[in-house]
There are 2 protein chains.
Amino acid sequence: MAVPTASDEWEVELGRQIRALRLRQNLDQQQLADQAGIALNAVKNLESGKGATLRSLIQVLRVLNRVDWLRALAPAVSIIPVQMLKTKRPRQRASPRPAKKKKL
Amino acid sequence: MAVPTASDEWEVELGRQIRALRLRQNLDQQQLADQAGIALNAVKNLESGKGATLRSLIQVLRVLNRVDWLRALAPAVSIIPVQMLKTKRPRQRASPRPAKKKKL
DNA sequence: CATTAATAGACCTAAATAGGGCTATTGTCA
DNA sequence: TGACAATAGCCCTATTTAGGTCTATTAATG
């Protein structure tokens, strides 16, 4: 199985995984759509990598009992963060950068 | 931190995580948008949970070096699947269900 | 091997998101 | 603490996806 490179390919790969999860539960696309409260077309798009919204994805994950996956995106910082030694709270904004020069 | 229940809340939670990843790299929203090849607004929507496409999410994950997360959705089957003992290949469709009765 | 339901793929319209710009607020840093 | 850039939150329009329906193909089952 090739590793996706382009964004489209990742979308297709994600679709494959969703389908795999669905089939493990032996659900058809219509059942999944109904239980997720979305249209059959949305499920088709999602599974085939033809474009989908985050909402469709999440609704589907809820039915497939994999919403917990969403929490695994930003892993908790491994060891004790150096930042905690100097600043109280984590950064809320990126550092300001010098503004671009304006035309005179 | 409360566990999200509604779909909207999961979208917000996901946004929080993306923001956390971005700030760890000290990138501002504009830089992230540029590097991801999407609009600033798309990043804002994504981080605030106000609706986004899968495409926007994936483009951003690429910049944040977290596309590998996508592969962790459908975990490989743990032990030897019983299915392999009876059928050669995994299921490609859900089982047919009896069709609805048609009106006479 | 015949049956038949699951799925792909197309079409259309409505709704949502993307993209671009503008202003108000506020965290960061000198 | 002041200056200023990062961000939120609007607006508007273009593009994309959702939702609904139909047809053709094909995997799954008896």
Side-chain angles (χ1 to χ4, degrees), chain A residues 7-8 11-12 14-16 18-60 63 83 86-102, chain B residues 7-8 11-12 14-16 18-61 63 83-84 86-102:
Chain A
S7 198
D8 294 2
E11 213 165 316
V12 170
L14 184 59
R16 269 195 285 263
I18 289 171
R19 160 163 304 191
L21 289 176
R22 172 174 65 81
L23 289 177
R24 281 184 205 175
Q25 300 186 20
N26 198 21
L27 287 174
D28 63 43
Q29 295 177 334
Q30 185 68 66
Q31 291 173 316
L32 176 56
D34 290 345
Q35 292 183 33
I38 64 181
L40 172 60
N41 269 335
V43 172
K44 286 184 183 177
N45 288 341
L46 191 52
E47 289 193 355
S48 60
K50 292 212 177 7
T53 57
L54 224 49
R55 183 174 168 279
S56 294
L57 171 63
I58 293 177
Q59 295 281 77
V60 160
V63 174
Q83 214 168 30
K86 23 179 72 170
T87 71
K88 288 94 176 71
R89 56 182 181 182
R91 176 175 289 286
Q92 299 191 327
R93 294 184 180 187
S95 307
R97 307 175 278 164
K100 276 199 177 122
K101 282 214 172 112
K102 279 201 160 176
Chain B
S7 199
D8 296 0
E11 213 165 318
V12 169
L14 184 59
R16 270 195 285 264
I18 289 172
R19 159 163 303 190
L21 289 176
R22 172 174 64 80
L23 290 177
R24 281 183 204 175
Q25 302 187 19
N26 199 21
L27 288 174
D28 63 42
Q29 295 177 333
Q30 184 69 67
Q31 290 173 317
L32 177 55
D34 290 345
Q35 292 182 34
I38 64 180
L40 173 59
N41 268 333
V43 172
K44 286 183 183 177
N45 287 343
L46 190 51
E47 289 194 355
S48 60
K50 293 212 177 1
T53 58
L54 223 50
R55 182 171 168 281
S56 294
L57 171 65
I58 292 177
Q59 294 281 76
V60 159
L61 289 179
V63 174
Q83 213 167 30
M84 278 192 64
K86 21 181 72 171
T87 70
K88 290 93 175 68
R89 57 180 181 182
R91 175 174 289 284
Q92 299 190 329
R93 294 185 180 186
S95 307
R97 306 176 278 163
K100 279 200 172 113
K101 281 213 171 113
K102 280 201 161 176

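In what follows, chains are A, B, ... by sequence order, proteins preceding strands, each numbered from 1. Because the structure is a prediction, the values reported are computed rather than measured.
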Quickly work out the A/Glu11 CD to D/dT16 C1' distance and round it to whole Å. 11 Å
Length of the line joining B/Lys50:NZ and C/dA16:P, which is rounded to integer Å: 15 Å
Give the nucleotide from the list C/dG19, D/dA28, C/dT28 with an atom nearest to the side chain of B/Arg91. D/dA28
Under the criterion side chain to side chain contact (heavy atoms under 4.5 Å, CB included), I'd like the reasoning laid out for B/Arg24 against B/Leu21: C-alpha separation, chi angles, the key distance, then a yes or no. CA-CA 5 Å; B/Arg24 281 183 204 175; B/Leu21 289 176; 4.1 Å; yes
Nucleotide of C/dC29, C/dT25, C/dT7 approaching A/Arg93 most closely (side-chain heavy atoms): C/dT25
If I take atom CG in residue A/Leu57 and atom P in nucleotide D/dA18, what distance separates them, rounded to the nearest angstrom? 11 Å
Please report the closest heavy-atom contact between B/Arg22 and B/Leu27, naming both atoms and the distance. NH1-O, 2.7 Å
Relative to the 5' end of DNA chain D, which residue comes earlier, A/Gly51 or A/Gln92, by the nucleotide with the nearest heavy atom? A/Gln92
Walking DNA chain C from its 5' end, the first of A/Leu23 and A/Ser95 to be reached, judged by nearest nucleotide, is A/Leu23
Can you check whether A/Leu54 reaches B/Leu54 side chain to side chain, under 4.5 Å on heavy atoms? yes
Send over the distance from A/Asp28 CG to C/dT4 P, rounded to a whole Å. 18 Å
For the student: nearest non-hydrogen atoms of A/Glu11 and A/Lys50, plus distance: OE2-C, 4.2 Å
Closest to side chain of B/Lys44, choosing from C/dA8, D/dA8, D/dT7: D/dA8
How long is the line joining CZ of A/Arg16 and P of C/dA8, in whole Å? 13 Å
Using atom CG of A/Leu27 as one end and atom P of C/dA5 as the other, report the distance to the nearest whole Å. 18 Å
If you check the B/Pro96 side chain, which of D/dC22, D/dA28, C/dA18 turns out closest? D/dA28
Can you measure A/Arg19 atom CZ to C/dT7 atom P for me and round it to whole angstrom units? 7 Å
Have a look at B/Asn45 and say if it touches a base, only the backbone sugar-phosphate, or nothing, with a 4.0 Å heavy-atom cut-off. sugar-phosphate
Quick check for you: among C/dA6, D/dT7, C/dG19, whose closest atom lies nearest to any side-chain atom of B/Ala94? C/dA6
Just checking A/Ser56: base, sugar-phosphate only, or nothing, at a heavy-atom cut-off of under 4.0 Å? sugar-phosphate
Toward the 5' end of DNA chain C, by each residue's nearest nucleotide, B/Ala39 or B/Arg97: B/Arg97
Counting just side-chain N and O atoms, does B/Gln29 come under 4.0 Å of either OP1 or OP2 of D/dA8? yes
note: B/Glu47, atom CD; D/dT7, atom P; distance rounded to Å ~ 7 Å
What contact category does A/Ile38 fall into here, base, sugar-phosphate, or nothing, at under 4.0 angstrom with non-hydrogen atoms? sugar-phosphate
Nearest heavy-atom contact between B/Gln59 and B/Ala36 is NE2-O, 3.2 Å
So if I take every side-chain heavy atom of A/Thr53 and compare against C/dT17, C/dA18, D/dT7, which nucleotide ends up nearest? C/dT17
In Å, rounded to the nearest 0.5 Å, how long is the span from CD1 of A/Ile38 to CG of A/Leu32? 6.5 Å
